[in-house]
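So the structure is just underneath, and the comments pick up after that.
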Amino acid sequence: MIFDNKKIQRLKKEYDTKGYIVARNIFDKKDIITAGKDLEESFLLRLKNFKGRDINKTKNNIINSVHFMNNWRWSKKLKNNKVLKKISSILLEDSIKDFGSELFAKPAKVGLASPMHQDNYYWCVDNSKGLTIWIALDDSNEKNGGVFYYDKSHHFGLLEHAQSFAPGSSQTLKYPKSMKLLKKNIPNIKRGDCIIHNCLVVHGSKKNTSRHARRGLTIRYIGKSSKIDLNRKKTYEIELKNSITKYARV
Ligand SMILES: O=C(O)CCC(=O)C(=O)O
């Protein structure tokens, strides 16, 4: 796909309207396959015995999510994609600042759900200029717990959240029924495609009960002019601590 200015402006319009877009064929498929192999055969193996709040496992001890992927060489490589950087800056209407990288590995049969949420409830970015680039390391769709979105939900601003007690996704919307007003969509995407979503759009994913893994690597950017609201961050950290303590007891 060619991402000329006209195409990018069209994507921006869609992003502003819906809160997310799908960008296909940004990466070389071969690179994504190599990255996926490196993840399984090297990076995740090294984390096997890692303990701490930044990694979450299923009940049978398979890694479900990793919240510090910045050091993985493939995160660095994929993050360097010039087209992605240009699109991100245009969508944010600002220069971009790196805001970390995560893995949602969602293994076959046992992959955990992510309750519906807005990323900015976790991030606490004061001006809400933030986005996530969700890169599909496997095909992702309704059958294997693909990410769902509520179209236009970013227009609601930051919504109230409550503790979810789900490992790796501690927060969820306090009033989920409010989303019934909106259209729910699960983009059907192929390995190497990506979804770019606004940090205020409501999204989540169901369990993966299929025979196929559904690995998504996220790269996140905020605006250069953005600051972290430290009071809100403090509240969130307390909620997270409570959630982890309670989860550890069950
Ligand atoms: O990959 C998933 O299942 C959830 C992703 C997510 O919540 C996010 O990228 O913020």
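In each ligand, atom 1 is the first atom listed, and ligand 1 is the first ligand listed.
Residue Thr218 has at least one heavy-atom neighbour below 4.0 Å for each of these atoms of ligand 1: 9 (O). The Lys106 neighbourhood of ligand 1 comprises atoms 3 (O), with distances under 4.0 Å to a heavy atom of that residue. Near Val147, with a cut-off below 4.0 Å to any heavy atom, the atoms of ligand 1 are 1 (O), 2 (C). Counting the atoms of ligand 1 from 1 in the order shown, those under 4.0 Å from a heavy atom of His203 are 6 (C), 7 (O), 8 (C), 10 (O).
Ionic pairing of Arg73 and Asp38 is present here: one or more N-O contacts between side-chain nitrogen and carboxylate oxygen are shorter than 4.0 angstrom. The existence of a salt bridge linking Arg215 and Asp138 is confirmed by a sub-4.0 Å separation between a basic side-chain nitrogen and an acidic carboxylate oxygen.
For atom 4 (C) of ligand 1, the nearest protein heavy atom (residue, atom name, distance) is Ser114 OG, 3.6 Å. In terms of protein heavy-atom proximity, atom 3 (O) of ligand 1 is nearest to Ser205 OG, 2.6 Å.
Aromatic pair His117/His203: centroids less than 6.0 angstrom apart. For Phe99 and Tyr221, the ring centers sit 6.0 Å or farther from each other.
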**Report entry** Verdict with reasoning, Thr218 to Ile133, per side-chain contact (heavy atoms from CB on, under 4.5 Å)
**Finding:** CA-CA 5 Å; Thr218 65; Ile133 301 161; over 6 Å; no

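If you look at Glu102 next to ligand 1, there are no close heavy atoms at all, none under 4.0 Å.
In terms of polar-atom proximity, Asp119 is counted as a contact of ligand 1, with an N or O under 3.5 Å from an N or O of the ligand. Considering backbone and side-chain atoms together, His117 places an N or O closer than 3.5 Å to an N or O of ligand 1.
Under the 6.0 Å distance and 45° angle rule, Lys18 counts as a cation-pi partner of Tyr20.
A donor-acceptor pair shorter than 3.5 Å cannot be found between the side chains of Gln118 and Tyr150.
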